[in-house]
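Since the structure comes first, as structure tokens, the remarks are kept for the end.
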Amino acid sequence: SGGGNGQAQAPAGDTINIGVNFELSGDVATYGQANVQGIEMAAEEINAAGGVDGKQINLIKYDTKSDTAEATTLATKLMTQDKVVAVIGPATSGATKATLPVAGQNKIPVISPSATADDVTVDDKGVKEYAFRTCYSDSFQGTAAAEYAVKKFSAKKAVILRDSSNDYSKGLADAFRTTFTEGGGEIVSEDAYAKAADNFNAVMTKFKGQEFDVIYLPGYYTEAGKAIKQARDLGITQPILGGDGFDSPVLGEQAGAQLKDVYFTNHYSSEDQDPKVQEFITAFKAKHNTDPNAFNALGYDTMKFVADAVGRASEQTGEGVQKALAETKDFEGVTGTFSVDENHNAVKAVVFVGYDQGGALVSEKG
Amino acid sequence: MSTILEVTQLTRSFGGLTAVSNVDLTLEQGELVGLIGPNGAGKTTVFNLLTGVYPPSSGTIVFSSPGQTQSLGGKAPYAICRAGVGRTFQNIRLFKQLTVLENVMIAYQQNQRYPLATSFLRLPGFRRAEDEIREGARELLRVMHLDHVADELAVNLSYGGQRHLEIARALATRPTLLLLDEPAAGMNPTETAQLTELIRQIRHDFGLTVLLIEHDMSLVMQVCERIYVLDHGIVIASGTPDEVRANPRVIEAYLGEEVDHA
Amino acid sequence: MEQLAQQLVNGLALGSIYALIALGYTMVYGIIQLINFAHGDVYMVGAYVGYFCMVHLKLGFVESLVIAMAVCTVLGVVIERVAYKPLRKSTRIAVLITAIGVSLLLEYTMMFFVGADTRTYGVLPPFMEQSFQFGGVLVSMKQIIIVGISVLLMVVLQYIVRRTKIGKAMRAVSQDADAARLMGISVDNTISFTFAIGSALAGAAGVLVGVYYNAINPLMGLLPGLKAFVAAVFGGIGLIPGALLGGYFIGASETLVAGYWSSLYTDAVVFAILILVLVFKPTGLLGKNVREKV
Amino acid sequence: MLEIKDLGVSFGGITALKGISLSVNDGEIVTLIGANGAGKTTTLRTVSGLIKPRAGHVLVDGKDITRMSAQARVKRGLVQVPEGRRVFPQMSVLENLELGAHLRKDSKAVATDLDEVFTRFPRLADRRKQHAGTLSGGEQQMLAIGRALMSRPRILLLDEPSMGLAPLLVQEIFSIVSEINATGTTVLLVEQNANMALQIADRGYVLETGRIVLSGTAAELTSTDEVKRAYLGG
Amino acid sequence: MKNSLVRQALMLWLPLVATYVIVLLLVQANIIDAYMQVTLATICINIVLAASLNLITGFTGQFSLGHAGFMAIGAYSTALVSMRWDSVFGFLGGLLLGGVLAALVGFLIGLPTLRLRGDYIAIATLGMAEIIRILLQNFEFTNGAAGLSPVPQYMDWTWFFILTVGSVMLISNFIRSRQGRDAIAVREDEIAAESIGVNTTRSKVLAFAIGAFFGGIAGGMYASYFYVIKPEQFGFLKSVDILVIVVLGGLGSLSGSVIAAFLLAIISTLLQPFPGVRMILYALLLIIIMIFRPQGLLGNRELSLRLLPRFGRRREAAASGTEEA
Ligand SMILES: Nc1ncnc2c1ncn2[C@@H]1O[C@H](COP(=O)(O)OP(=O)(O)OP(=O)(O)O)[C@@H](O)[C@H]1O
Ligand SMILES: Nc1ncnc2c1ncn2[C@@H]1O[C@H](COP(=O)(O)OP(=O)(O)OP(=O)(O)O)[C@@H](O)[C@H]1O
Ligand SMILES: [Mg+2]
Ligand SMILES: [Mg+2]
């Protein structure tokens with residue numbers, strides 16, 4: 001990726017400027033870049049099909065360097081100098097939150113494909129008018145996972161291993177813990193690793209000395225793949241549960257043959273025979289020579305979601321688009337069909353995707 | 001005359017090597033005393049012990065300044081300096097990237113203190129104190145014939161200039177005892193003769209007691225009133241220049257036969 | 001007890017990797033007093049070269065290891081000649097900033113070509129996936145390979161530095177480059193040689209990590225680079241045995257803290273120990289505290 | 001044997017050497033005297049290849065070596081004892097001496113030379129395991145000279161070897177220089193101690209602010225008034 | 001004498017006040033638009049960060065790799081206090097608390113570690129900053145990895161101006177005072193400094209704590225402007241960024257730090273249109289600048305314009321000229 005930028009100015013009136021404000025370098029470039037791959041693919045498709053209302057979409061892409069201050073700076077630039085009608089991104093919750101005051105001041109909506117923290121779209125003062133997202137909130141997934149653990153595995157005891165350096169992981173872990181213990185379960189041990197950790201032998205060795213039914217591992221595939229493999233290598237056999245951060249071919253590549261008895265909450269399953277999903281997977285594979293991950297899919301949906309709103313908007317301004325976004329009903333995306341609720345969250349069904357004890361891909365709707 | 005420095009049984013070893021061994025040394029107020037001896041005899045080490053660069057392995061150093069007599073052994077170098085002992089270094093150690101004036105000001109200001117708040121906020125006393133420091137430092141530069149290069153960086157001075165600056169900086173701490181480590185090293189005979197005069201003069205003008213290490217016998221024999229001779233860390237002789245010059249042990253260990261012609 | 005033994009095995013493997021990287025740090029530091037921030041990124045490049053060899057060229061592990069070491073050797077020398085050599089007479093901090101520049105350059109050039117996402121080494125030859133049980137303690141073949149290769153490389157290195165002429169030349173250059181020239185030593189070649197060896201070790205570490213964790217990405221050098229630096233300082237920077245000691249110490253303390261307390265605090269504890277060590281032994285555990293003679 | 005032609009050196013804005021020419025014949029001791037900052041050290045460093053001149057040439061045995069690297073010059077037998085000793089401080093005395101023989105392959109002869117250095121400087125023998133950085137100034141000077149001898153120089157460049165030495169040692173160093181010279185080594189000697197230097201030298205040059213202002217045999221120079229006044233303290 | 005004092009005051013204050021008023025007017029007229037305002041804010045914060053680190057590293061010669069840690073302390077103090085006490089006094093109280101806490105931590109860590117030599121201090125300060133970050137990540141009251149938001153935004157141009165100019169002036173006053181000269185002497189030659197009566201430990205710790213204080217202030221400015229703070233923003237790379245500004249501007253040159261902060265903002269803006277290769281270009285630039293200007297833009301000189309009457313006269317070190325590498 002990382003190719004050209006969409007700054008080429010087409011004649012005014014014929015294009016719709018949309019800001020793409022992502023972590024393309026720095027710590028969390030993985031997620032930013034993945035989102036952008038999806039966004040760019042969707043934009044190309046839309047433009048090839050004639051654009052929105054006959055206008056081409058012009059993406060203006062910036063790199064926040066995974067720095068929240070820079071995210072704010074660039075969002076401001078997009079909104080004030082580049083005259084975009086909407087800004088997609090950043091990928092992470094903190095950075096997204098940092099751009100929201102600017103969004104409010106300039107009345108331009110910010111839509112994040114993957115900012116999952118509960119308070120991205122709402123805070124004590126209520127819903128943030130110009131904040132949207134297309135992913136689940138953390139508590140939604142954590143709760144679903146806890147229910148699944150009890151229902152499917154009759155789990156009574158769980159251990160949690162989370163990523164100490166991101167709030168996504170913390171949010172999922174908190175929700176899981178609450179739901180699981182409320183349902184009578186017990187968290188026997190909990191630990192956290194730092195971002196980019198490689199070595200899980202120590203913590204897994206520690207877990208191994210304990211009695212439990214499931215491991216909840218809310219984190220991203222980048223570390224989860226290693227953690228799963230090291231756990232299985234050490235002879236830990238209990239089921240491992242995770243969230244949509246697992247969704248990437250890299251998870252399987254890292255865990256290799258040890259990807260067994262692993263389940264995670266997700267937006268869709270690549271097994272899903274819905275033509276929309278299959279088309280997306282095929283097209284993505286053709287373009288990037290690898291299977292898409294959740295970030296790709298969410299980026300893709302977000303672009304389409306924004307384009308859809310722009311098409312429906314009464315006027316092509318930030319305010320117009322904001323209204324249209326808020327009114328979205330039954331939008332059919334790759335990551336599920338969703339409507340925007342009063343808290344500006346995308347309400348969609350959860351899918352449990354997993355690899356059973358033989359490593360075969362399974363999925364069930366939640 | 002009163003005793004200003006009284007060193008008894010001073011010893012320092014490095015690993016297995018005893019660089020300074022049971023040295024006794026006394027300086028009377030106002031004296032100009034030489035410390036000579038072969039290379040590696042332990043002269044610089046004695047200076048380092050006197051100024052706190054190394055703590056002594058054993059022995060005592062008692063220093064009397066007007067109104068106070070104190071033991072210097074184990075004290076930090078800055079405290080010893082504030083007590084009134086100034087020094088120069090064998091291997092010149094100037095603040096190379098600062099100007100000549102700044103070099104001296106920094107030494108001078110140690111006795112011209114004003115509080116931190118004054119510095120931050122430029123309170124009224126600031127300018128006056130600064131002016132005093134600057135003027136005091138300039139005055140010393142004049143004494144050491146360095147006033148014309150006050151604004152040069154120290155590193156750009158000639159070797160001789162740097163040696164002079166070391167002395168000026170030491171004087172700026174207002175010592176009562178001045179330790180000079182090979183002040184004439186790297187100077188040619190003509191320059192050495194001028195330096196000899198200068199040392200006499202500052203001793204007189206500043207009322208100093210001076211202890212001097214030097215290998216240039218023309219300088220030592222001319223200015224020193226008494227001389228200690230060190231060899232292998234031990235004092236092998238002491239006395240007036242003539243006594244020392246005639247001492248066979250000194251001739252054998254240090255001076256060699258031909259010294260008379262030099 | 002069993003668990004402790006298991007944790008120590010884990011720590012040994014981890015420590016070997018830190019030690020390998022730390023050696024490069026220490027050698028470069030020893031000779032030109034440069035904290036070579038790009039060193040961790042050379043390790044990253046090594047991991048990618050190994051990836052390319054094993055996954056795309058389908059080469060064996062040993063061949064890949066050798067190729068990665070060779071490529072990193074060249075890379076290290078090129079970096080030194082292009083980016084550091086012009087700064088020989090500048091302040092060390094200027095070179096440090098250049099090193100940071102080189103580090104960013106390697107990271108983002110790599111990211112430009114392969115993307116930010118994690119790559120995996122894929123399926124390894126079956127012999128490498130074996131593991132052995134020693135009375136409840138599980139030791140994997142990969143761990144044995146890592147420790148074995150690391151120790152071998154370190155022994156070779158120690159021999160070079162202690163026993164050969166080039167080793168003595170390295171030490172001479174590190175203490176006084178001009179005087180070394182007057183002995184007939186080619187300072188430039190000696191420095192390049194140091195970078196070559198250090199980088200080769202980093203390259204080896206990169207491949208070993210790729211095999212061990214089966215996951216690499218363009219920013220993977222950052223953290224281990226930092227920890228290796230800590231390891232080097234811990235043992236006494238500039239000292240080869242110090243780097244070893246530091247590497248193993250950090251490996252062990254990380255696994256023990258994670259195993260008996262919480263992974264949350266591994267890094268904090270490592271740094272706290274480091275600071276304590278420095279306070280009581282200001283030149284690192286093996287460093288000699290030579291006060292400058294005045 | 002060694003010839004310097006119109007050598008010019010500058011550092012940034014400062015011109016240290018303004019076209020210097022001098023020559024040293026086979027088997028001679030030639031001394032270069034001058035005040036602080038005259039450019040003596042700069043001359044030696046340029047000859048040994050540590051500084052690249054702006055203009056001029058350095059010739060050894062008639063061959064132009066101006067572009068040759070420092071280490072290649074050592075190979076040709078041009079060896080410098082630098083100002084300020086420059087021993088390797090964290091290495092032992094022995095290691096320092098061994099480094100002097102870095103380019104030599106004849107390990108037997110190296111061993112004999114090592115013994116010879118130790119006989120010449122017994123104090124170094126006493127301290128062979130000590131780190132050179134902790135030696136006294138005089139000890140370091142002996143080490144620096146010994147180290148240079150280890151490479152069996154044909155032309156020895158000495159920069160103020162007597163600086164900081166005890167009188168006895170000054171005499172000794174000068175007699176060593178004479179001895180070394182007698183065994184066939186050509187010497188270019190830079191000295192502040194002009195008295196002694198002129199005593200052992202065959203010829204001499206006087207350097208003032210980057211220019212050669214006087215030259216002649218040692219005897220001629222010693223009797224010149226200017227030299228007497230400025231450098232001999234007379 | 002009196003006259004020259006008045007003139008000096010005029011020459012110092014007049015341009016400053018004029019700058020303040022002009023920018024204020026331009027902001028109001030929206031000629032300095034929102035984007036430029038954010039950029040300006042970043043520049044101001046970077047100036048304070050760089051000036052304070054320069055005091056530690058450039059003037060006192062203590063190589064610190066942990067400045068982001070002090071920034072974090074300031075940012076979290078300001079955020080926590082002003083979130084609970086949402087008023088300008090809460091903001092200022094938090095800011096001050098942040099500075100004082102940072103100075104305290106600087107003092108505590110400095111006391112034992114500042115007797116270490118060069119690179120060992122670097123690693124000790126790096127360790128300190130990492131410990132701070134990890135603690136912030138794990139404390140409940142700092143809300144862990146998610147960090148704190150919304151931080152009430154009190155920073156506006158007026159505050160930026162006051163705090164930036166104030167910090168730089170105080171630091172500059174310090175440097176050009178007795179205590180500052182002591183610190184510089186320590187940088188130049190510690191043993192010599194001790195030998196002329198400078199209490200080197202005290203000198204170093206003092207400079208370190210003052211640098212930490214202003215690092216904390218910068219952190220507070222950051223928190224109160226950028227709305228969200230998270231521990232990961234104050235990692236090792238942030239410390240490196242600050243160091244880059246300092247070295248680029250010139251170690252030991254405050255005006256160099258100021259200029260470098262502007263320059264980096266300009267470079268950053270110029271590179272924004274190339275998101276894919278931005279970091280590659282930045283890295284190349286960094287290397288090239290260092291190769292051609294290793295002493296930084298201003299070396300250790302100050303850009304005077306006679307605005308800041310300087311401490312003595314200072315010329316560049318004798319250039320190393322043609323010496324062979
Ligand atoms: N820090 C140290 N570590 C080990 N040995 C030391 C140290 N400082 C000095 N020495 C040893 O102590 C002895 C005395 O050294 P010192 O420098 O005092 O000699 P000196 O009399 O000043 O000689 P010179 O006239 O050559 O300067 C020497 O043999 C030296 O090697
Ligand atoms: N590396 C350098 N950078 C800048 N200037 C230098 C450098 N080396 C020497 N100089 C200058 O060149 C001139 C000649 O210096 P040089 O060291 O050759 O003198 P010298 O005759 O050896 O003096 P001394 O008797 O003090 O050793 C001096 O003005 C000196 O300041
Ligand atoms: Mg001495
Ligand atoms: Mg010289």
Side-chain angles (χ1 to χ4, degrees), chain A residues 1-5 7 20 22 24-29 33 36 60-82 92-102 105-106 117 119 123-125 162-171 192 194-195, chain E residues 30 32-43 45-46 75 83 130 133-138 140 143-153 221-223 225-238 241 265 268-269 271-283:
Chain A
S1 82
N5 66 93
Q7 287 249 76
V20 177
F22 276 96
L24 301 177
S25 61
D27 269 3
V28 287
Q33 288 192 3
V36 171
I60 300 176
K61 185 171 78 174
Y62 290 135
D63 168 22
T64 70
K65 304 194 278 187
S66 304
D67 180 295
T68 39
E70 187 80 6
T72 309
T73 308
L74 293 172
T76 315
K77 185 173 192 182
L78 285 165
M79 292 172 190
T80 58
Q81 294 197 340
D82 297 321
T92 51
S93 302
T96 306
K97 276 191 269 179
T99 67
L100 293 177
V102 183
Q105 279 156 26
N106 293 295
D119 62 350
D123 61 15
D124 325 339
K125 296 178 191 117
R162 65 182 176 86
D163 177 344
S164 69
S165 43
N166 73 65
D167 40 341
Y168 160 76
S169 190
K170 182 169 186 283
K195 185 176 164 47
Chain E
N30 205 25
I32 293 187
D33 65 13
Y35 167 65
M36 284 159 79
Q37 284 172 40
V38 191
T39 309
L40 198 61
T42 310
I43 292 174
I45 293 166
N46 282 342
M83 281 166 84
E130 282 297 292
R133 189 181 60 80
I134 293 166
L135 290 180
L136 291 174
Q137 206 159 62
N138 292 310
E140 273 306 312
N143 199 24
L148 297 172
S149 75
V151 183
Q153 196 188 47
M221 293 163 68
Y222 179 94
Y225 187 78
F226 282 111
Y227 187 74
V228 177
I229 54 169
K230 292 169 75 179
E232 67 184 27
Q233 291 158 6
F234 307 104
F236 165 64
L237 291 176
K238 184 76 201 176
D241 283 347
S268 174
T269 305
L271 292 180
Q272 272 160 10
F274 313 101
V277 291
R278 176 185 192 180
M279 289 308 285
I280 300 181
L281 295 177
Y282 171 73

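All values reported here derive from a predicted model rather than from experimental measurement. Lettering follows sequence order; numbering is per chain, from 1.
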Pick from A/A71, A/S165, A/G26 with the largest number of heavy-atom pairs that fall under 4.5 Å of chain E: A/S165
Shortest non-hydrogen contact between E/Y227 and A/A98, atoms and distance: CD2-CA, 4.1 Å
Sub-4.5 Å side-chain heavy-atom contact between A/E70 and E/Q272: yes
Winner by heavy-atom pair count (cut-off under 4.5 Å) against chain E, out of A/L74, A/D123, A/D67: A/L74
Check: A/K77 and E/T269 side chains under 4.5 Å, non-hydrogen atoms: yes
4.5 Å side-chain heavy-atom contact, A/D167 and E/K230: yes
Under 4.5 Å from any heavy atom of chain E - which part of A/K97: both
Interatomic distance, A/T76 atom OG1 to E/Q37 atom CD [nearest 0.5 angstrom]: 9.0 Å
Value rounded to 0.5 Å, distance of CG in A/D63 from CZ in E/F274: 13.5 Å
Heavy-atom proximity to chain A below 4.5 Å, by part of E/F226: both
Side chain / backbone / both / neither for E/S268 at chain A, heavy atoms under 4.5 Å: side chain
Closest non-hydrogen atom pair between E/N138 and A/S164, with its separation: OD1-CB, 4.3 Å
Pick from E/A146, E/A41, E/G235, E/P150 with the largest number of heavy-atom pairs that fall under 4.5 Å of chain A: E/A146
Pairwise distance CE(A/M79) to CG(E/D33) - rounded to 0.5 angstrom: 13.5 Å
Under 4.5 Å from any heavy atom of chain A - which part of E/Y225: neither
Gap between atom OG1 of A/T68 and atom CD of E/Q233 - 0.5 Å precision: 3.0 Å
